[in-house]
Amino acid sequence: MVLLTVTNFTKSFYIHHLGRAIPAFQALDFTLQAGQFLLVSGQNGAGKSTLLRCLYRTYLPTSGSAVYSSLHGEIDLARAADADIMLLRREEIGFVTQFLRPRPRVSASELVAESLYADAMTLDEARPHAEHLLSDFGVKAELWGAYPTTFSGGEQQRVNLARALIAPRRLILLDEPTASLDAAARNALVRRLTALKQDGVTFIGIFHHPEDVRGLIDGEIRLQGVNDGDIVAD
Amino acid sequence: MAISNHPSAPNDAQQAMITLDAPRLTRAKPLLRALGLHKRYGRITAAEQVSLEVYAGEVLGIVGESGSGKSSVLRLLNLEELPDAGEYTLDLPGYEGVNLFGLDRFQRREVAHVHIGIVYQNPHLGLRMRYTSSGNVAERLLITGERSYRALRQAARDSLSASEFPLDRMDDPPRVLSGGMQQRVQLAKAIALRPRILLLDEPTTGLDVSVQAAVLDTLKRLQRERHMAMVIVSHDLGVIRALADRVMVMRGGRVVEAGLADQVLDDPQHAYTQQLVHAKL
């Protein structure tokens with residue numbers, strides 16, 4: 001089953017004070033089958049993160065379409081209403097960013113649990129699941145109740161992974177999730193991704209070291225950036 | 001994996017505003033809907049063609065510089081004032097399809113008191129500074145017809161507690177409280193009748209950063225637990241990012257841009273929004 005059909009997908013940033021557009025990627029076409037793991041590769045500045053953000057709609061795609069087959073029906077992520085994007089973010093599409101955005105006075109376990117209890121689970125019901133996952137990613141129990149604002153980069157990233165991967169999702173976008181992780185946490189992540197993939201979850205991911213997830217990858221798109229040439233595919 | 005090449009040059013030198021599709025997957029109806037609000041004060045246009053929708057459980061942030069019309073819109077939504085033109089409906093039993101601006105003064109006040117709570121930047125607007133804090137909250141409950149002192153006090157205590165106000169100070173008048181605590185009393189009063197809509201006008205402006213974070217945290221928790229539709233006006237983009245799901249940017253009484261909060265803040269489309277975002281420290 002095709003989960004995502006991306007057609008003529010283009011993003012450029014129009015910067016008003018410069019009076020011109022800065023292109024990020026241009027006229028991308030690809031399809032993604034449900035359950036596949038797609039690697040997005042390319043040099044710095046080639047538009048890899050921008051592509052993920054356009055699919056999540058943190059960035060507004062300039063033109064083209066990305067038709068996603070949701071459980072509620074087909075929808076073009078490029079132009080879907082905000083309310084529909086919010087629904088998909090709550091229920092179907094997840095995003096693992098490179099950095100945690102901790103909130104003051106919110107503990108690690110609560111930050112992780114809240115993505116679950118947004119879906120009709122109470123905080124008290126969600127907390128054990130959150131703590132279980134934090135422990136999987138190697139966050140020590142004495143940190144669960146602490147505020148991640150003061151955590152180290154590696155600790156924050158473990159909390160971030162737990163937060164992003166706790167709720168069931170059909171499509172997960174991964175933006176360099178292994179950055180700032182040590183080998184143990186990286187292994188924990190790969191185990192988690194492998195389990196999710198076995199459950200049928202679809203992934204689009206950027207990895208600084210793709211060999212970390214070599215066994216999971218089903219396909220690759222390489223972005224070359226619109227300035228230095230065409231977009232190629234393997 | 002199929003990829004094709006389209007080596008055409010980018011042709012968006014003239015950036016057109018992108019229009020989004022109507023909702024297709026979402027079954028819920030917006031709880032609050034305002035259409036075509038116009039409001040003038042003499043020669044000043046405070047709101048022009050302002051339309052907005054907020055769903056239950058959603059937070060809409062309104063940003064813009066002073067004088068952009070943010071607070072005017074909030075006063076209209078609180079039914080404190082009437083617009084020169086526009087419609088305002090709430091999807092609540094008994095009010096479906098009713099333009100609230102068309103109700104008489106008494107009906108409007110009842111809708112506002114029962115279904116809408118508001119927290120002002122200036123606590124003097126929302127509180128009687130010399131009454132006790134508990135009395136301020138209890139006053140809002142009198143509208144239900146409750147007259148028992150014990151019941152009123154218990155309800156005030158519950159609401160203050162939900163606002164994380166220290167209960168040992170519930171009989172202190174707001175004038176002796178800190179700014180953060182005054183905002184918690186306002187919040188307790190605003191949510192005492194469990195309104196479906198909560199309006200916040202710069203609720204944390206002027207508070208210490210740590211106090212601000214604590215108040216934001218309380219708001220976030222309340223919003224989640226009570227599934228209210230919330231509209232927050234702030235010029236502080238950090239506050240908006242922490243709280244809002246969607247953002248509306250106003251300038252000169254007009255909405256120049258609206259969208260998902262992360263999209264508007266990370267990929268602003270309009271020249272004015274780009275200026276605002278880039279001006280943030």
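These numbers were taken from a predicted model, which means no experiment stands behind them. Here is the naming used below: chain letters follow the sequence lines, and residue numbers restart at 1 for every chain.
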Side chain, backbone, both or neither: which part of [X] has an atom under 4.5 Å from a heavy atom of chain B?
X	value
A80(A)	backbone
L123(A)	neither
L60(A)	both
Q33(A)	neither

### Message
Using a 4.5 angstrom heavy-atom cutoff, name the option from R57(A), R53(A), H72(A) with the most pairs to chain B.
### Response
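Looking at each of R57(A), R53(A), H72(A) in turn, R57(A) comes out on top.
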#### Entry: Which of I15(A), T58(A), L87(A) touches chain B most, by non-hydrogen pairs under 4.5 Å
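Ranked by heavy-atom pairs under 4.5 Å with chain B, first place is T58(A).
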### Message
Which residues in residues 196-214 of chain B have any heavy atom closer than 4.5 Å to a heavy atom of chain A?
### Response
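Against chain A, the residues of residues 196-214 of chain B that fall inside the cut-off (heavy atoms, under 4.5 Å) are A213(B), A214(B).
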### Message
Are there residues of residues 237-249 of chain B whose heavy atoms fall under 4.5 Å of chain A's heavy atoms? If so, which?
### Response
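Against chain A, the residues of residues 237-249 of chain B that fall inside the cut-off (heavy atoms, under 4.5 Å) are R241(B), A242(B), D245(B), R246(B).
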### Task
Answer yes when E114(A) and R224(B) have at least one side-chain N-carboxylate O distance shorter than 4.0 Å, and no when they do not.
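Result for this pair is yes, salt bridge flagged.
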### Query
Can we say R89(A) and D262(B) salt-bridge, meaning some charged N sits less than 4.0 Å from an Asp/Glu carboxylate O?
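Salt bridge flag = yes for D262(B) with R89(A).
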Under 4.5 Å from any heavy atom of chain A, what part of [X] do you find: side chain, backbone, both or neither?
X	result
A271(B)	both
E58(B)	side chain
D217(B)	side chain

### Message
My understanding is that only one of V264(B), L260(B), T26(B) makes a side chain to side chain contact (heavy atoms under 4.5 Å, CB included) with D82(A); could you say which?
### Response
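It is L260(B); the other options fail the test.
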Selection from [options] maximising heavy-atom pairs under 4.5 Å formed with chain A:
options	result
K220(B), E225(B), E53(B)	K220(B)
L25(B), T19(B), D266(B)	L25(B)
D267(B), L265(B), L216(B)	D267(B)

Rounded to the nearest 0.5 Å, what separation is found between the [atom1] atom of [X] and the [atom2] atom of [Y]?
X	Y	atom1	atom2	result
I75(A)	R24(B)	CD1	CZ	5.5 Å
H17(A)	Q275(B)	NE2	CD	10.0 Å
Q269(B)	T62(A)	CD	OG1	7.5 Å
H16(A)	Y272(B)	NE2	OH	14.0 Å

### Message
Between R79(A) and L20(B), is the side-chain contact (heavy atoms from CB on, under 4.5 Å) condition met? List the steps.
### Response
CA-CA 5 Å; R79(A) 293 295 173 263; L20(B) 298 178; 4.2 Å; yes
### Where A22(B) and A81(A) come nearest, the two heavy atoms and their spacing
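Nearest pair, atom of A22(B) first, then A81(A): C-CB, 3.8 Å.
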